[in-house]
Amino acid sequence: MGHYPSSTSVEIMQNRPSLRLHIPEPVARPGDAPAFDRSLIPEPGDTRRPETTSAEADMRDLPFGLVRVLDDSGEASGPWNPKLPTETLLAGLRAMLLTRAFDERLFRAHRQGKTSFYMKSTGEEAIGAAQSLFLDRDDMCFPTYRVLSWLMARNYPLIDLCNQIFSNEKDPLKGRQLPILYSARDYGFYSLSGNVGSRFGHAVGWAMASAFKGGQSIALAYIGEGTTAEGDFHEALTFASVYRAPVILCVTNNQWAISSFSGIAGADETTFAAKALAYGLPGLRVDGNDFLAVWAATEWAAERARMNLGATLIELYTYRASGHSTSDDPTKYRPADEAEAWPLGDPVERLKTHMIGLGLWDEDRHAALQAELDAEVRAAVKEAEAVGTLGKSKPSVKEMFEGVFKDPDWRVVEQRRELGI
Amino acid sequence: MPTMNMIQALNSALDVMLTEDPNTLIFGEDVGYFGGVFRVTDGLQKKHGLTRCFDAPISEGGIVATAIGMGAFGLRPIPEIQFADYILPAFDQLVSEAARLRYRSNGEFWAPITVRSPYGGGIFGGQTHSQSPEAIFAHITGLKTVIPSNPYDAKGLLIASIEDDDPVIFLEPKRLYNGPFDGRHEQALKTWAGDPMAEVPAGRYTVPLGKAAIVREGTEATVLAYGTMVHVALAGIEDSGVDAELIDLRSIVPLDVDAIVASVKKTGRCVILHEASRFGGFGGELSALVQERCFYHLKSAVQRVAGWDTPYPHAFEWDYFPGPARLAAALKRTMED
């Protein structure tokens, strides 16, 4: 009679609660007061800095801390303070301000019909700026579409960015790629794609190749917190762990994947840095709006990678202050004033306040630099507009048929002829 | 000249490339110490070292992603996917990344990878060890798809694929690994011994991608085939009594369209044979090309002989498999039209 429930098991079943399907929801929606009640934000100095040679097993508290250097008043403190020289702070501030000026102007260019698409990285400028300035020229970054400040920190020509965004005759990618999905090998910036996540594993392969050749260079990859749900993330972490690849794997947790809050990717259950634990990798949770903290964490992870101690997972805790793209309206799904309420502030303002506090900077010089950078951006946009904006100018249509293979096969040769070019 | 079966020929190609090009490396599931489930990488780790031929996690997407990153760095990785049926988790990497990298970056990055994978049926492998997915790769702009039919071609085509600067899907007909197979499954197994195409030079040579081979000359009809079906086609032609010309395509991308057109213009009839399901199969593309380019030379409709439009069925292996009898019937039909 084994398949008939006994009276005891019927009783147990009657006492069981009904099952409930849990759908995560953010604390605040449009009309609500912004709230970040679930954010885990320790003070600078609270999160220890282990020796870079420490064993992973001795660092399993780190994914639940927060690497911070700058406090709310802009003062640097704690074991992670990289104590950067003035010119580095200035280079960082410049790259961040230039990114912001460029984003503002090119976003407007989209509204004026000069391009089909644009994405801003507002609020996340410290990340690319610090990591780009810190890493070597031979290292390679595998970017997302929100790390323009990487290129700005390396003085990538603004005119080339504008020409790419306008898909005009001088577009360095020959009109083949959506605006802002740049490729800049000489600037350590891998080819971007609109498929989020699919280059995360390339960074691991690139790093393995560098180790295979006995070289010096390391790789750094970015993925958004939403995209950690893709298999690409698990695959990359598995390979990075198994082969101890010299790679820094960064999750930019900017709280929003288009309209889905980070809880939809699992943020209510654990931190993204803690994903490292299952792979036996060190996981750092870092204040992504703190230029100095990002620098210090990257330095720590790079040192491990260069000593053949393998990969580190870094969660860069930040906030996407603008919409996802020109096709998005964030007031439809989050409080309109949420960005101002972000507890870790604005990365530009924080570095500026820090530099003013050190007596290295002041409001006048800041305003002058902003004006200078805005003029640079305006000049580049103007120059690109003279070549042509979207639809007014484009590369030769021949370019459509180039680069499918190294050498064209008969199909593209015949089809080019069919098109009459 | 040494006689090799297809496994030995492929192993020899990999051995040659590991020896000659320090930027080559092999990785995949069970390919390292063990030497692969079909033994294609047997002995390579021992001879060339751990970093040149090593095991990978069970992660086809991860294997191909890693290979692309290595390729972008400047290596020539030769990953193995254990069965072509398992390649689908890597499909996004192949389609969205390997195939597009050169184009979208205007030549700044590219992925010179060769993804080897055993494919095809005739081994009672059921749904998940028998499929022929070549058409879905042929459809992807930016990928090359190569399929050998004998040991000599296997080695030369594999070396050419590895040396190619674009991503190549290299499909190995596993029913041909140990011997030719003409579809007459009730007959005793054959080995490659004594077959002229099993005479394989020990050193480096290439068979160029995109050059078809005329396996049998004929005047009355043209049969287009690749992989295992080349041998099935020979048997079917013999059974039919039709004097058919048999073309082994060897690679479907790049495709030797000139060889196809020249033959069909000569014979005026065309039958296409492949093991994959018919609807949406590569035979559809071949048929369209033939009618576009040879319409006024055709004496009858182009025929396709292929696997049925069902999953690959285990107990019905020989009912599904497009054997020589079905080809012979199609050839006779095409002669009657």
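The chains referred to below are lettered A, B, ... by the order of the sequence lines, with proteins before strands, and numbering in each begins at 1. No hydrogens, no waters, no symmetry mates; every other heavy atom, side chains included, goes into these values.
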Examine whether an atom of A/Tyr182 lies under 4.5 Å from a heavy atom of chain B, and if so say whether it belongs to the side chain, the backbone or both; otherwise answer neither.
-> neither
Measure the spacing between CZ of A/Phe405 and OG1 of B/Thr141 and express it to the nearest 0.5 Å.
-> 7.5 Å
Quiz item: cation-pi between A/Lys213 and B/Phe73, 6.0 Å / 45° = no
Partner of B/Asn106 under side chain to side chain donor-acceptor pair (under 3.5 Å), picked from A/Gln177, A/Lys174, A/Arg176, is A/Arg176
Side-chain heavy atoms of A/Ser193 within contact of B/Arg100, under 4.5 Å = no
Interface moiety of B/Val64 toward chain A, non-hydrogen atoms closer than 4.5 Å | neither
Cut-off 4.5 Å, heavy atoms of chain B, and the answer for A/Phe189 is backbone
Check: A/Ser198/B/Asp92 side-chain N/O donor and acceptor closer than 3.5 Å | no
Of the listed A/Asp407, A/Val412, A/Leu192, the one with the largest count of heavy-atom pairs under 4.5 Å with chain B is A/Leu192
Rounding to 0.5 Å, atoms CG (A/Asp232) and OG (B/Ser59) come to a distance of 9.5 Å
Would you mind checking which part of A/Ser210 comes under 4.5 Å of any heavy atom in chain B, side chain (CB onward), backbone (N, CA, C, O), both or neither?
-> both
In short, B/Leu289 meets A/Trp410 closest at the heavy-atom pair CD2-CH2, 3.9 Å
Counting only heavy atoms closer than 4.5 Å, note whether A/Leu178 contacts chain B via side chain, backbone, both or neither.
-> neither
Is it the backbone or the side chain of A/Glu414 that comes under 4.5 Å from a heavy atom of chain B, or both, or neither?
-> side chain
Whatever's closer than 4.5 Å to a heavy atom in chain A on B/Gln93 counts as side chain
Check step by step if salt bridge (Lys or Arg N to Asp or Glu O under 4.0 Å) holds for A/Lys406 and B/Asp166.
-> CA-CA 7 Å; A/Lys406 187 180 180 192; B/Asp166 289 304; over 6 Å; no
By a 4.5 Å heavy-atom criterion (distance strictly below it), what part of A/Phe239 contacts chain B: side chain, backbone, both, or neither?
-> side chain
Compare all side-chain heavy atoms of A/Arg185 with those of B/Phe109 and state whether any distance is below 4.5 angstrom.
-> yes
